[in-house]
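Have a look at the structure below, then the notes.
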Number of protein chains: 2
Amino acid sequence: MDARISSARQKIEIYRADVRKGGLANCPIRNVVQNIFDKWSSLLLMALAEQPYRFGELRRLVPDISQRMLTQTLRDLQRDGYVHREVFPTKPPSVEYSLTEMGHQMYDSLQHVLHWAENNDARVRAARARFDATER
Amino acid sequence: MDARISSARQKIEIYRADVRKGGLANCPIRNVVQNIFDKWSSLLLMALAEQPYRFGELRRLVPDISQRMLTQTLRDLQRDGYVHREVFPTKPPSVEYSLTEMGHQMYDSLQHVLHWAENNDARVRAARARFDATER
DNA sequence: GATATAACTCTCAAAAAGAGACCATCTCTA
DNA sequence: TAGAGATGGTCTCTTTTTGAGAGTTATATC
């Protein structure tokens with residue numbers, strides 16, 4: 001069957017499927033999306049979608065990420081197969097991170113939301129201001 | 001200018017722009033994406049994209065969300081303008097949540113990643129298993 | 001009168017994230 | 001030749017976020 005035409009309802013069912021079995025680990029969407037929607041993941045994917053970067057470069061590119069979170073997020077992305085990590089035997093060894101083929105494919109589908117966010121920032125801010133003025 | 005053709009590089013710059021100003025609140029992408037990529041947001045959006053639901057229905061639909069997080073996530077989505085909340089003056093008052101026009105538009109762009117996740121679960125799992133066997 | 005339903009809020013414990021010190025190794029500069 | 005800086009991390013401690021679950025107000029049902 002073609003999963004592209006599955007309804008939201010079906011997706012919810014998939015999300016729920018595993019809850020009934022007692023855990024969350026087997027739900028396909030949640031399983032995958034969990035790591036992509038991580039606080040720093042989309043940002044790092046955006047960077048790596050453009051070109052490979054070294055650890056220190058990423059750190060400078062994203063100044064407000066802690067080294068701990070950079071290490072951890074990169075490892076998670078590597079573990080899921082989106083990112084390739086290559087160590088070069090230079091004097092202080094350097095490490096380069098790049099998107100894998102699958103990483104690029106995934107990013108293609110992620111891009112849409114990022115674009116939307118970029119283009120609709122003002123509307124969201126306006127909605128937020130309206131809410132704060134009314135409901136609070 | 002058409003933001004749809006902006007490169008990843010430019011996006012990163014946008015992400016970074018506000019860091020230089022000392023806070024994160026003004027970065028458009030991060031600002032918007034933050035709430036969409038919340039742990040429970042995409043799941044609730046998936047549900048509401050299909051049809052309106054009442055509070056208790058959502059709770060039963062997503063059994064592993066705590067009431068605290070359901071309330072909070074819904075309020076955040078409402079605040080950002082994706083979700084409409086309507087109170088009906090029944091005896092114990094009931095509340096219905098539905099997607100706004102903007103919510104539907106946003107969901108259209110979010111859908112792509114969710115589809116990708118649904119269709120590539122096996123690949124991700126395989127990558128993960130490979131990583132765990134090798135690197136650990 | 002006890003119990004259930006509705007949509008929440010509140011408190012406390014557990015998990016995750018951030019800040020920043022520390023590490024080994026090598027090169028470059030003073 | 002001593003010190004500083006760059007490499008890519010780890011470790012510990014504190015703060016923030018999340019989850020679990022009891023409590024709330026008001027009505028209806030048995």
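Here the closest heavy-atom approach between residue A:Gly81 and residue A:Thr100 is recorded as O-OG1, 2.6 Å. Across every non-hydrogen atom of B:Leu48 and B:Tyr53, the tightest pair is CD2-N, 3.8 Å.
Put simply, CZ on A:Phe37 is 20 Å from C1' on D:dT17, counting in whole angstrom units. For the pair B:Gln67 CD and D:dG23 P, the interatomic distance rounds to 14 Å; values are reported in whole Å. As a whole-Å value, the separation of B:Leu70 CG from C:dC8 P is 9 Å. For the pair B:Gln34 CD and C:dA17 C1', the computed distance is 14 Å after rounding to whole Å. B:Asn35 has its CG atom 14 Å from the C1' atom of D:dT17, to the nearest Å. Going from atom CG of A:Leu58 over to atom P of D:dG8 covers 10 Å, rounded to whole Å. Atom OH in B:Tyr53 sits roughly 16 Å away from atom P in C:dA6 (whole-Å rounding). Computed from coordinates, the B:Leu74 CG to C:dT9 P distance equals 11 Å when rounded to whole Å.
Taking the side chain as every heavy atom from C-beta outward, A:Val32 and A:Met106 never approach each other to under 4.5 Å. Put simply, the side chain of A:Leu44 reaches to within 4.5 Å of the side chain of A:Thr73, judged on heavy atoms.
Residue contacts shown for B:Arg68 include a base, since a base heavy atom lies under 4.0 Å away. Here B:Thr71 lies in heavy-atom contact (under 4.0 Å) with a base. As judged by a 4.0 angstrom heavy-atom cut-off over every strand, A:Gln72 is placed among residues touching the sugar-phosphate backbone only. Using a 4.0 Å heavy-atom criterion, one finds that A:Phe88 contacts no nucleic acid atom at all.
With D:dG9, C:dC8, D:dT7 as the candidates, the nucleotide lying closest to the side chain of A:Arg60 is D:dT7. Side-chain proximity of B:Met69 to the nucleotides D:dG8, D:dT18, C:dT25 is greatest for D:dT18. In this structure, the nucleotide among C:dA19, C:dA7, D:dG19 sitting nearest to the side chain of B:Lys39 is D:dG19. Ranking C:dT25, C:dG18, C:dA7 by closeness to the B:Phe55 side chain, first place goes to C:dA7. Looking at the side chain of B:Pro92, the nearest of the listed nucleotides C:dA7, D:dT7, C:dT5 is C:dT5.
In this structure, B:Arg75 and B:Arg54 both approach DNA chain C, and ranking their closest nucleotides by distance from the 5' end singles out B:Arg54.
In A:Arg123, the CZ atom is crowded: over 12 heavy atoms of neighbouring residues, nucleotides or ligands sit closer than 6.0 Å.
Contact between the side-chain N/O atoms of B:Trp40 and the OP1/OP2 oxygens of D:dG19 is found at a separation under 4.0 Å.
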